[in-house]
Amino acid sequence: MNHSLHTSGFLVLATCWPLAAWGDVVQLRSGGTVRGVVRNTRASASDEPLVIETLTGGELLLAKPEVIGIERRPRLVEEYHSLAKRVSDTVEARWDLAEWCKRSGLIEPRREQLRLIVQLNPEHKTARLGLGHTRQGNRWVSPEQTEAEMRQAGYVKHKGEWITTLELEQTQANESQTQRQKQWRPKIRLWGNWLGDRDATRRSEAAVQFRELRDPDAIPAIVESLLNSPILERRRLAVQTLAQIDGNAAAPYLARTALNDADASLRKAAFRAMPASQRMVAVPLIVQALASEENWLVRRAAFLLGEIGEKSTIPALIGALITSHKTTVNVRQPINAGFDRDGNPAAQSNSLPPDVAQALRSGQLPQGVQVQNSGPQPATKAVTVRQSVQNLEVLDVLKKLTSQDFGFNEAAWQNWWRSQAR
């Protein structure tokens, strides 16, 4: 078998049996092993000696009594073992062998060589990184050491990440809840479709199912199928169903409807459906709407905060007394004026007729003239600008919550609020 020897001492074998994907390890009674390919596999059932083609290309005959077992292995694994026996015990030679393992897809043999390299040179960075080691201060830490230290510190591994046992419990609870929520989606869709069915029995059954629904895990499905519907009656049913569910899980969705729905009666119904506890949960969401780019949403949020009557929202309301919003206005384009060769203004489409102008200059028209211009008007262009808006709804809520009135003087309101904290 042809071979070449690198200067590093890594023996590169050019296999003489490229078509054989598997090799055999023949265990001898003497305790030794022979690696190669057993050519006469049927000899195991007779007294015929085994014919083994070795990795070096030669043939070896072994009498049956000398053999105690034959193990089949991938050819590349056998080739690796042969190379590993001959490689020089240097960093360079073992690195070449590790790279050969990488190209050959031999993961564990490569790790074996990288571990041997680290024994020869503990600061071999590439080998350390190949083994998954990380640098912590002035030491290299293996994945096994990291795992032991993390477990000792009370962490557990979940989906490739280290988390606390408390986080694991919460994650598992969330995963369980997500699964329960998914189970509601087909039911809610089905009942929703039944609402418009021609069969009166199905319509009645759907109404009963929604009327009896109390499970908080059904909320996401209700929101997707009903509350996000463009049909007002489906949104109204969603609000009614959400209002039946105990706890505060439905509060954000009812508050969103009270703020954003296009129908005023449904906005009012959604807010009224929220008990005091849910309204307090919804306060942060409503306060956030005070910073909206849409001025109508700012005003609605102020009204709801006034209905809730929570005084901790006063600073946010003060900040929303005057808000800035984008608006589009039409701006007249300038008219380009020209002049004739004598420096006089050139005639414009909206200038006076020459005879009228002469009569005015000569005093023939002491009362003046009124000219109606039916010609083309100056062009306009839509421009987006920011305008400050004084929000009367916000001021009314501030007066209601504080029994004070500083108008739209934001600085005065802030000074008063700071004085209350002393």
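All values below come from the heavy atoms of this structure, side chains included, with hydrogens, waters and symmetry mates left out. We're numbering straight along the sequence, starting at 1.
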Taking atom CH2 of W140 and atom CG of L129, what is their separation to the nearest 0.5 Å? 4.5 Å
Atom CD in Q136, atom CD in Q145: separation rounded to 0.5 Å? 8.5 Å
Calculate, to the nearest 0.5 Å, the distance between atoms CG and CZ belonging to L392 and R299 respectively. 10.0 Å
Residues which pass ring-ring contact (aromatic ring centres under 6.0 Å, His included) with F210, listed by chain and number, not counting sequence neighbours: W191
Please check if any side-chain donor atom of E205 sits under 3.5 Å from a side-chain acceptor atom of Q209, or the reverse. yes
Do the charged groups of E112 and R115 touch, with an N to O distance under 4.0 Å? no
Would you compute the distance between atom CG of L190 and atom CG of L195 and round it to the nearest 0.5 angstrom? 10.0 Å
How long is the span from the CZ atom in R234 to the CD1 atom in I222, to the nearest 0.5 Å? 12.0 Å
Lys/Arg-Asp/Glu bridge criterion (N-O < 4.0 Å) met for R139, E149: yes
Electrostatic pair E147-R151, nearest N-O below 4.0 angstrom: yes
Within the 3.5 Å criterion, strictly below it, is a donor on T323 or H325 matched to an acceptor on the partner's side chain? yes
Which pair of heavy atoms, one from A206 and one from W194, lies closest together, and at what distance? CB-CB, 3.8 Å
Compute whether any side-chain donor of one residue and acceptor of the other, for S292 and E294, lie under 3.5 angstrom apart. no
Could you tell me if Y80 and E108 have a donor-acceptor pair between their side chains, going purely by distance under 3.5 Å? no
Under 3.5 Å, side chain of R235 to main-chain N/O of S229, donor-acceptor pair present? yes
Between A127 and V118 the two heavy atoms that sit nearest each other are CB-CG2, 4.0 Å
May I have all residue pairs that pass ring pair (Phe, Tyr, Trp, His ring centres under 6.0 Å) and include part of residues 106-128, sequence neighbours excluded? W95-H124
Using modelled atom types and a 3.5 Å cut-off, is there a donor and acceptor pairing between side-chain atoms of R110 and backbone atoms of W100? no
So, N228 and E224: side-chain donor and acceptor under 3.5 Å apart, yes or no? no
Roughly how far, to the nearest 0.5 Å, is the CG atom of D246 from the CD atom of Q278? 9.0 Å
